[in-house]
Structure formats: structure tokens, C-alpha cells
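Accompanying notes for the structure given below.
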Number of protein chains: 2
Amino acid sequence: MNKYGKITIRDVSERANASIATTSRVLNNTDYPVKPEMRKRILKAAKELGYTPNLLGKALKTGKSHEIGVVVPSLLNPYYAEAVTGIERICSARGYNPVFCSSDNSPDKELANVEFLIRMRMDGIIISKIEYGDEVIDRVNQAGISTVYFDQPVSNEKLSCVTYDFFEAGRMAAEYLTSKGHKKIAFFSLPFDRQSRISRYEGFKHGLKEAEGYLYLDSSSSYEGGEFLREFEAGERLVSDFLEKSEASAVVAINDLIAIGAMNAFSKRGVSIPNDISVVGLDDISFATMSNPALTTVKQPSYEMGSIAAEVLIDGLEGKRHKPEIIKMLPKLVERDSVCIHV
Amino acid sequence: MNKYGKITIRDVSERANASIATTSRVLNNTDYPVKPEMRKRILKAAKELGYTPNLLGKALKTGKSHEIGVVVPSLLNPYYAEAVTGIERICSARGYNPVFCSSDNSPDKELANVEFLIRMRMDGIIISKIEYGDEVIDRVNQAGISTVYFDQPVSNEKLSCVTYDFFEAGRMAAEYLTSKGHKKIAFFSLPFDRQSRISRYEGFKHGLKEAEGYLYLDSSSSYEGGEFLREFEAGERLVSDFLEKSEASAVVAINDLIAIGAMNAFSKRGVSIPNDISVVGLDDISFATMSNPALTTVKQPSYEMGSIAAEVLIDGLEGKRHKPEIIKMLPKLVERDSVCIHV
DNA sequence: TGCCTTGTAGAAAACGTTTTCTATAAGGAG
DNA sequence: CTCCTTATAGAAAACGTTTTCTACAAGGCA
């Protein structure tokens with residue numbers, strides 16, 4: 001019993017009349033030979049005392065914490081909540097414990113989180129990096145901690161990355177709408193502060209071909225009641241803006257939250273979806289099936305991306321994979337009820 | 001430089017020609033007197049070597065990790081995502097680092113998570129406990145780790161708990177509907193495996209007074225694509241069941257996810273909300289404003305509950321609060337468009 | 001008999017910190 | 001010129017583990 005009243009391995013060994021070494025061996029049931037009678041005594045003592053191993057001591061000694069740090073921009077966006085769930089399931093199936101941090105959409109907090117994880121000597125890190133430069137990457141490299149980037153792409157091929165073809169997703173959305181006869185299409189966006197958004201917009205423009213595109217950008221950043229509201233409200237503001245000056249017959253939104261917020265704002269103003277305006281989202285969050293009308297969108301498999309990132313990381317940690325892995329998942333258009341043919 | 005290639009405080013001290021003791025004092029800038037010139041040398045050496053303190057060593061020595069463990073049943077439910085965000089903001093403002101674990105709605109995993117947090121010697125724990133018995137409580141008590149329970153109530157008054165008047169919420173929902181003339185009201189529920197659900201239902205029954213109530217319980221537990229889908233689907237199944245046999249004119253749902261899923265299923269079957277059936281939810285997740293029609297619901301302030309739980313815990317850790325704190329937040333009816341008067 | 005395994009156990013050295021204690025010099029008071 | 005502070009620094013003992021040695025029987029084999 002130490003000064004904090006916690007039972008240590010020493011207490012157990014004393015009560016069992018064994019050495020600390022033997023006690024440790026029994027408690028970790030290694031294959032080191034220990035007489036059955038002794039083993040029983042130690043186990044009994046541990047149980048009676050309610051011994052709880054101190055993972056700090058263990059990790060310090062072994063250099064392995066069996067913990068994996070995870071950094072995402074937000075837990076409020078269902079997109080990340082799903083990714084995190086994928087990570088959680090894989091980690092826990094493979095005997096690791098994920099530690100989640102939210103950077104709250106702030107690059108500063110992101111860096112602080114990474115720093116914390118490094119200091120805690122996590123075995124590995126999984127991160128959806130929003131910071132635009134290389135500060136996080138440099139830091140992680142310097143610390144020499146294995147890392148898998150997911151969601152946002154990183155350009156360096158020496159780095160493992162599970163990402164998504166954002167460009168193609170934007171392109172598909174545009175192509176789909178033009179194939180339905182839409183010529184003038186608006187793009188509702190949040191600020192282009194991260195690669196995924198830029199690529200989606202580039203893809204969108206590319207997919208337009210001879211059709212026309214308009215950009216509507218919401219740069220306001222009021223933040224009350226969480227991500228949902230913020231992005232919904234952005235959707236509403238974009239709609240006001242749009243109705244004042246646009247002649248487009250369709251809208252592509254930078255993500256589903258914006259799309260749903262926009263549809264709602266349209267309805268409130270008496271604009272019928274999809275009869276008056278068609279809307280296409282990007283992400284396919286679960287909620288997309290529940291909006292009214294159900295949202296046509298381009299699916300980004302966040303749950304799978306999370307699971308794969310975790311698999312890649314753990315494989316690396318366990319020496320089952322040696323080269324950096326670069327995986328780019330493919331978009332898929334999900335047709336629902338928010339688009340109709342334009343004549 | 002140790003065998004893992006990491007820089008330790010010893011490396012810094014050697015390069016600065018100082019002792020480990022002095023180095024530690026400078027790096028933690030304590031008020032212990034150190035000559036300015038020496039201080040500068042140490043700081044310089046630390047910077048040049050890229051020293052990163054090992055928090056495991058520090059925590060082991062000091063007995064304080066400055067980490068707070070958080071266990072919630074799911075991160076996919078926006079209700080918990082919001083709570084977790086509240087916790088995150090407070091912790092990080094007060095210099096603590098939250099470590100989030102999801103128990104994935106499984107009592108076993110919940111216990112495993114708690115065990116992990118205890119072994120990591122977290123300074124404190126915040127938990128929304130779903131396990132119905134006392135196993136978690138006993139474990140935490142035995143470990144002697146300060147804990148704040150939130151969301152689900154615990155009966156023991158020696159325990160700090162930030163909860164919510166679930167009974168009153170159920171009662172208000174029923175009262176509101178009867179005040180609008182509804183006599184026969186159905187209750188759509190998930191299994192009664194946790195106190196909050198039981199209390200909501202009890203409150204609902206109590207609020208009915210002379211009106212009639214019917215219970216529809218969804219016990220199916222298919223789980224694909226996450227919480228959202230699961231609960232939405234439960235909503236759909238409940239609707240099928242309901243349409244076969246009920247004559248109720250209104251529905252109260254155990255939570256907003258179920259309510260929204262149900263509204264959607266009603267619409268698909270040509271039942272108009274609120275003209276044919278009125279629907280009231282419980283929770284007021286952000287999405288409730290975006291459903292169609294917008295959902296009338298009873299607000300449960302999850303973000304605030306999370307923040308308060310964090311404040312209470314940290315106050316306790318820092319000796320600013322000594323007695324257990326029991327806080328019960330009050331419900332508030334939020335009128336939107338999913339209820340109409342029944343004649 | 002002497003020697004080599006094999007089974008079983010403990011002592012002690014790490015892991016990276018913080019902190020208590022001890023040591024030295026310098027400066028001030030008497 | 002002593003004696004007592006005060007400023008400054010380092011040695012070494014923890015914190016709770018794991019693991020490498022070392023130790024010593026007992027048994028098998030030549």
C-alpha cells in the first residue's frame with residue numbers, strides 16, 4: 001500500500017510471500033515456469049487485496065502503452081462520429097485502447113492535442129488533419145511515432161493515408177445534375193480552409209463541362225449550440241443569398257449538413273425541393289435518409305475509412321505491414337428524392 | 001537518448017552541463033532559484049534536442065495525470081456528442097485533458113472502459129452509466145477515484161450526479177398533448193434497460209390523467225450503419241405496428257431519433273404529421289429543427305449537463321468543493337410544428 | 001562421481017520523472 | 001573573524017512496473 005492508498009504489486013508479493021519478480025510473472029501469466037501452488041497463492045493475494053495494475057508504470061517500463069491517440073476536428077459532425085466509431089471497434093477488437101481528442105475545428109487545438117498524445121507516448125496516432133501546413137506532420141515525424149492520416153489527404157507518399165477521392169465526388173455531383181438537364185448549378189460552400197473542400201469544388205467545376213456554375217461561400221462563423229446548428233444556419237444564410245441573385249436550377253452543397261439546412265430554408269421560403277430547385281449533398285450521413293425530401297448525395301464511407309485507418313496503423317505497429325499505405329476510397333452516388341429532371 | 005531514440009531529461013541535462021534536478025526545475029519553471037545563465041543553457045539545450053517530456057514518468061512520480069476519463073454509451077447519438085463537447089471545452093479551459101471512451105451501448109464494454117481508466121490512474125472520471133446494477137459504482141469506489149455521474153441518475157446521495165428530471169419530461173409531453181385535446185396517446189419506446197427510459201415512461205403515464213395511453217416497445221436490435229439508422233429504423237417498425245392496431249391521435253417518442261424516424265415512416269405511408277397524427281419527441285437534439293415538420297419536443301440540455309459535470313469534477317479535484325453535488329436539470333417544452341389540436 | 005540441463009525463485013537494474021536531502025559558496029550580522 | 005542565512009546546485013531516492021541476471025536445487029547422463 002503506497003501513500004495514496006493504492007495496492008501495488010509489492011503488496012501482493014508480500015502477502016503471498018513471493019518475490020516481486022515472480023508475482024509479476026504470474027500476474028501477466030507469462031510462460032515462465034512457476035509452481036502451481038505459488039501461482040495460486042499469488043493470484044489469491046491479488047484478488048483479496050483488489051490489486052489493480054498501474055498502467056503508467058507498465059507503459060513506462062515496456063515502452064508500449066497499447067493506446068492509440070485519435071484526433072478529429074469535431075465529434076458533433078456525424079461524419080466524424082461514424083469514423084470514430086469505426087476506429088473504436090477495430091482498436092478494441094485488436095486489444096488497443098483508443099483515446100479520442102476533438103480539435104474543435106481549431107488548428108491550434110489540433111496541434112495541442114497531438115503534442116499531448118506524443119507526450120503520453122501513445123503507440124500510434126490517427127488523425128484527420130485540418131491544419132493546412134506541415135506543422136503537425138513535422139512534429140509527429142520528429143517524435144517518430146507511427147501515424148495514419150485519414151480523411152484529409154496529405155501529399156507526402158512516405159506517409160500512410162486513408163483518404164477519399166474528393167475531386168471525383170464533386171465531379172460526380174455535377175455530372176449527375178447535368179445529366180438531368182441542369183445547366184446552371186450553384187455550389188454552396190464553407191470556407192476553403194482544407195483540402196477536401198477545395199478538391200470537391202475543383203471536381204464540381206470540372207464536372208460541369210459546358211454548364212455554368214456559381215459559387216456561394218459562407219464565411220460567417222457564429223457558433224452556438226454546436227456544429228449541427230452552425231452548419232444548418234450556414235445553409236440558411238446561403239439560401240437567402242442565393243434567392244436574391246441566382247438563376248440556377250440546382251445546388252450542390254459542400255456537405256450534407258449544409259444541404260439539409262439549405263433544403264429546410266428553401267421549404268420555409270416556399271421553394272419546393274426538388275420541383276423548384278434540385279439539391280445534391282456530399283457525405284451521406286445517416287441523417288440524409290431522414291430529411292424531407294430524402295437527400296440525394298455522394299457517399300463518403302466514413303465508418304469504413306475509420307476502420308481501415310485503424311487496421312493500417314495496428315498492422316504497422318505489430319510489424320505486419322512495412323511500407324506506407326495510401327488508400328483512396330471511391331465515391332458513390334446515392335439517388336434519393338431531392339433531384340428532378342430540368343427541362 | 002534512450003534505446004527508443006527518444007530524448008530524455010538526462011540528455012538535456014548532459015548537454016547543458018547541469019544536473020537532472022536543476023534541469024527538471026527549469027523545465028517546469030518552478031520558483032526554485034536558478035542562475036539566469038544556467039536557466040538559459042538548459043532551455044537552449046532542450047530546444048536544440050527537441051525534448052518532449054514523458055508524461056508517463058511524470059504522472060507515475062507525481063500521482064497526477066491531469067487526465068479525465070469520460071465514458072458515454074455512444075458517440076453516434078448527437079445527444080452524447082453534445083455532452084462530450086461540453087466536457088471537452090471545460091476540461092481544456094481548466095488545464096485537463098479529457099479521454100473519451102464509448103461503451104457502444106454495452107454494459108460489458110462500459111465496465112471494461114472504467115477498468116482501463118482506473119488502471120491508467122486518471123485523476124477523475126465522468127460517466128453516463130447504462131449498466132443497471134452497481135458494479136461500476138462499486139469498482140470506482142473501491143479504486144477511490146473521484147467520479148461524477150451524469151445523464152442517468154444514481155440513487156446514492158454520497159455520489160456526485162448531474163442528471164435531469166426525466167419523469168417530469170415525460171409528464172410534460174403527455175400534459176401538453178392532452179391540453180391540445182388528445183385523449184388517446186401512444187408511447188414509442190426502446191427497451192426499458194436504463195433508468196431514464198423508465199422514468200420518462202412513468203412520467204408520461206402520470207401526465208395522462210384521464211386520457212388513455214398505449215405502449216409500443218421496439219426490442220429488435222439490428223445494428224447496421226450506426227446508432228442513427230438503428231433508432232430511425234426502430235421508429236419505422238414502431239409505426240407499422242402502430243398503424244395496424246392503434247386508434248391514438250398522438251405519439252410521444254422515447255427520444256428525438258425515434259420521433260424523427262417515426263415521422264418519416266408516417267409520411268411515407270401517407271399519414272400526415274401533424275394533421276393525422278401529432279408527434280412529440282424527447283431530447284431536443286439539434287436535428288430536431290431540421291426535420292419536416294420541425295419536431296415539437298422536450299429539451300434536455302446535454303451540452304450544459306456535460307459542462308456542469310466537468311466543472312463539478314474538477315472543482316472536487318482541486319479541493320474547491322467537498323460535498324457530493326446532486327444537480328437535477330429541468331425540462332422545457334419546445335413547441336415546433338409536429339403537434340396540432342385534436343377535436 | 002562429476003557435469004549439464006531444467007525447473008523454480010529472487011535481487012536488482014532499469015524506464016523518465018520529481019523532490020527531498022545534502023553540499024557549497026557567498027554575503028550579512030554580530 | 002565567526003555564525004547564520006540565502007542562493008545555487010547536485011546526489012539519490014522514490015513512483016510501479018518488467019526483465020535480465022544470478023542462484024540453487026534436483027534430475028539425467030556419462
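All values below come from the heavy atoms of this structure, side chains included, with hydrogens, waters and symmetry mates left out. Numbered from 1 within each chain, the chains take letters A, B, ... in sequence-line order.
- The side chain of A/V34 lies closest to C/dA9 when the candidates are D/dT18, C/dA9, C/dT18.
- The aromatic rings of A/Y96 and A/H66 lie parallel to each other, with less than 30° between the two planes, well short of the 60° mark.
- Among the protein residues, B/A18 comes within range of the sugar-phosphate backbone only, with heavy atoms under 4.0 Å from sugar or phosphate atoms but none that close to a base.
- Rounding to whole angstrom units, CZ of residue B/R39 and C1' of D/dT8 are separated by 12 Å.
- When the nucleotides C/dA9, C/dT18, C/dC15 are ranked by their closest atom to the side chain of A/M38, C/dA9 comes out on top.
- Salt-bridge annotation for A/K320 and A/E318: present, with a side-chain N of the basic residue lying under 4.0 Å from a carboxylate O of the acidic one.
- Here D/dT18 presents its C1' atom at 8 Å from CD1 of A/I9, a figure rounded to the nearest Å.
- In this model, a side-chain donor or acceptor of B/Y32 finds a partner on the base of D/dA9 within 3.5 Å.
- The two residues B/A18 and B/I42 have their closest heavy-atom pair at CB-CD1, 3.8 Å.
- Here D/dA11 is the nucleotide among C/dA11, D/dA11, D/dT8 with the atom lying nearest to any side-chain atom of B/A21.
- Atom CD1 in B/I20 sits roughly 11 Å away from atom P in C/dT18 (whole-Å rounding).
- Nucleotides of DNA chain C nearest to B/L56 and B/T22 differ in position, and the one nearer the 5' end is that of B/L56.
- If you check every strand for non-hydrogen atoms under 4.0 Å, B/T30 touches nothing.
- In terms of phosphate contacts, B/S24 brings a side-chain nitrogen or oxygen within less than 4.0 Å of OP1 or OP2 of C/dT18.
- In terms of phosphate contacts, A/K35 brings no side-chain nitrogen or oxygen within less than 4.0 Å of OP1 or OP2 of C/dT8.
- With rounding to whole Å, A/K64 atom NZ is found 17 Å from C/dA14 atom C1'.
- The pair A/R41-A/E37 meets the salt-bridge criterion, with a side-chain N (NZ, NE, NH1 or NH2) lying under 4.0 Å from an Asp/Glu carboxylate O.
- Summarising the geometry, the separation between CG on B/L60 and P on D/dT17 is reported as 9 Å, rounded to the nearest angstrom.
- Checking the phosphate oxygens (OP1, OP2) of D/dC15, no side-chain nitrogen or oxygen of A/N54 falls inside 4.0 Å.
- Between the NZ atom of B/K6 and the C1' atom of C/dA14 there is a distance of 17 Å, rounded to whole Å.
- The phosphate of D/dA14 (OP1 or OP2) has no side-chain N or O of B/K61 nearer than 4.0 angstrom.
- Checking D/dT20, C/dT19, D/dT18 against the side-chain heavy atoms of A/R25 singles out D/dT20 as nearest.
- In this structure, A/Y51 atom OH and D/dT17 atom C1' are separated by 7 Å, rounded to whole Å.
- A pairwise comparison of heavy atoms in B/S128 and B/E110 identifies O-OE1, 3.9 Å as the closest pair.
- Summarising the geometry, the separation between CD1 on A/I42 and P on C/dT8 is reported as 13 Å, rounded to the nearest angstrom.
- With hydrogens and angles left out, the side-chain atoms of A/S160 and A/E325 include no donor and acceptor closer than 3.5 Å.
- When each of C/dG10, D/dT18, C/dT18 is scored by its nearest atom to the side-chain atoms of B/T62, the top-ranked nucleotide is C/dT18.
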